Amino acid sequence: MDSEITTSIRCRFALICGIALCAAFSSLFLALPDVLAHGGHGESKESELTPAPEPEKNIYAVEGESGPAPEADLPDLLESHDTQAPAEHSEPHNHKMMPKIKMAAHEWVSTSQKGYTAAAGITVLAGLIFGVLSFTRPNE
Amino acid sequence: MVNKICEIIKDRLGIRLLEYDVPEHSNSIRYSLGGMTLSAFAILVISGMLLAQFFVPDPARANQSLHYLIDQVYLGWFLRGVHFWSAEVLSVTLTLHIFRVYITASYKKPREANWLVGVGLLVIMVGLLFTGTVLKWDQEAYEALEHFLWVAGKMGVLGLPLTEKFANGVPLLSRLYMAHISLLPIIALLLLGLHLFFIKYHKLSPLPDNPTEAKHIKFTQHMAYLRRAGAGIFALVCLLALLIAPPLGDQPVLGMEVTRPPWQFVWIYALENIWVPFLIVVPPILISLLVAVPFLDRGEELYWKRRPLAMISLAIVTVIFIGLILWGKFTTMTHSM
């Protein structure tokens with residue numbers, strides 16, 4: 001009877017800890033205003049980048065490319081309809097034409113990703129191992 | 001039969017040396033946060049080794065190699081997710097571990113040296129987090145590096161090895177890659193070894209409200225507990241990686257400043273918004289304060305309720321950090337580098 005009660009308490013404790021951890025990590029990304037329910041990274045996305053000014057001749061430039069063109073004819077950021085375009089940027093920069101930059105964001109993983117079933121299997125297995133260890137407590 | 005096999009293995013591998021007594025409270029979440037951090041670090045190392053098979057540390061191809069990994073390599077997206085979420089979990093468990101050590105005054109005599117080693121480990125972990133952020137070489141990475149180079153530039157001769165001028169013609173990204181996969185992990189492992197040695201030498205700190213606790217368990221039982229905790233950490237990381245993809249942008253647009261740093265660094269982004277030189281001033285002050293903790297609080301009291309000044313200081317620092325993180329997440333940048 002005592003061992004049943006202890007096991008029950010342990011089960012509830014393990015469950016509560018699991019839920020609390022999930023809630024803590026969920027709040028990390030749910031608090032972000034830029035979590036989007038996209039189809040996932042695997043799907044092709046139309047690039048919203050306008051041609052960037054060519055980089056200077058430095059080690060970060062791809063070979064063969066010439067120097068920058070800061071006065072290049074680029075669409076005005078303020079006229080952009082791109083909802084992902086950064087709305088909060090410094091005043092001095094707004095005076096120049098700026099390329100659109102697609103902001104990286106957390107996205108839901110698409111089930112069409114390569115190896116999604118295998119990944120789900122690994123996750124379930126990991127959860128099962130944790131569950132078994134939590135119930136049986138070998139050597140603890 | 002199984003028991004006999006276990007006995008044979010124990011005799012031959014010296015596992016009996018691990019059957020020494022540790023306090024019973026070792027097997028609690030509070031006193032296993034360090035072990036959980038270690039588990040997350042182990043997952044990072046293993047997933048990092050696998051990621052290194054696909055990453056190209058050249059500025060022209062780094063971002064591309066990651067997109068290839070995610071889009072074309074079987075389970076590549078999952079591997080990257082595991083690496084990213086392990087770092088997130090490590091950030092949380094490490095923070096909670098520091099809080100626990102502080103609240104239970106486990107930095108007090110004779111454990112001051114272990115606290116200092118822990119501060120060193122914290123600095124290394126921050127360095128790993130930063131270099132890992134830069135390696136993906138998207139807009140966020142580029143802007144992080146720009147801020148870093150600005151700080152390094154202000155440090156004069158001390159900052160020279162951290163800049164491009166130190167090795168002309170060698171991309172800084174390649175050097176940061178070396179630091180991320182080699183230099184910093186090696187230092188981390190050395191410090192970790194020292195950290196674990198000190199825990200063994202000084203023994204686990206006693207419960208603050210019951211320093212003379214008599215109940216003990218074997219260390220192998222504590223290892224079993226940590227094994228279960230590590231399995232839980234791995235399961236959580238897999239679940240997060242299965243559901244949520246880490247962010248990855250395209251090649252950076254040089255000269256732009258439009259992104260925010262990850263939440264672990266966004267507090268300093270907020271400070272930078274107040275006064276840009278805070279980027280240089282605040283990190284050394286924070287590290288100095290952390291180093292000074294065991295030397296400022298030298299009383300013998302361990303119980304948190306009887307250490308009001310220490311608890312008030314912790315509360316103030318926590319509120320400030322959370323406030324800066326939230327403000328940095330939602331504020332508008334009013335300056336540029």
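If you're wondering where the values come from, they're calculated on a predicted model, not measured in any experiment. Residue numbers begin at 1 in each chain, while the letters A, B, ... track the order of the sequences.
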Side chains of [X] and [Y] in contact at under 4.5 Å (non-hydrogen atoms):
X        : Y        : value
A:Gln113 : B:Ile70  : yes
A:Ile122 : B:Phe78  : yes
B:Leu75  : A:Lys114 : no
A:Pro138 : B:Arg227 : yes

Looking at [X], I'd like to know if its [atom1] atom is crowded, meaning that more than 12 non-hydrogen atoms belonging to other residues, nucleotides or ligands lie closer than 6.0 Å.
X        : atom1 : answer
B:Arg61  : CZ    : no
B:Tyr68  : OH    : no
B:Phe321 : CZ    : yes

| said: B:Glu7: which residues meet the side chain to side chain donor-acceptor pair (under 3.5 Å) condition with it, sequence neighbours left out? | reply: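 For B:Glu7 the side chain to side chain donor-acceptor pair (under 3.5 Å) partners, ignoring immediate neighbours, are B:Arg16.
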Could you report the tightest heavy-atom contact between [X] and [Y], atom names first, then the distance?
X        : Y        : answer
B:Tyr74  : A:Ala118 : OH-CB, 3.4 Å
B:Ala231 : A:Leu133 : CB-CD1, 3.9 Å
A:Ala126 : B:Phe234 : CB-CD2, 3.7 Å
A:Ala104 : B:Asp138 : CB-OD2, 4.3 Å

| request: Working to the nearest 0.5 Å, report the span between NE2 of A:His106 and CG of B:Leu243. | output: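 Here the rounded value is 13.0 Å.
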| said: How long is the straight-line distance from CG of A:Asn139 back to NE2 of B:His222, given to the nearest 0.5 Å? | reply: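 The distance works out to 14.0 Å.
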| Who wins among B:Gly230, B:Cys238, B:Ala229 for the most heavy-atom pairs under 4.5 Å with chain A? |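 Maximum pair count with chain A is reached by B:Cys238.
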| query | Quick one: what part of B:Thr220 sits under 4.5 Å from any heavy atom of chain A, side chain, backbone, both or neither? | reply |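 The answer is the backbone of B:Thr220.
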| task | Go through the atoms of B:Tyr142 and report whether side chain, backbone, both or neither lie under 4.5 Å from a heavy atom of chain A. | result |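 Interface part for B:Tyr142: neither.
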| task | Just jot down the salt bridge (charged side-chain N to carboxylate O under 4.0 Å, His left out) partners of B:Glu140, sequence neighbours excluded, or say none. | result |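 B:Lys136.
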| From CA spacing to verdict: side chain to side chain contact (heavy atoms under 4.5 Å, CB included), A:Tyr116, B:Leu242 | CA-CA 8 Å; A:Tyr116 189 86; B:Leu242 187 70; 3.8 Å; yes
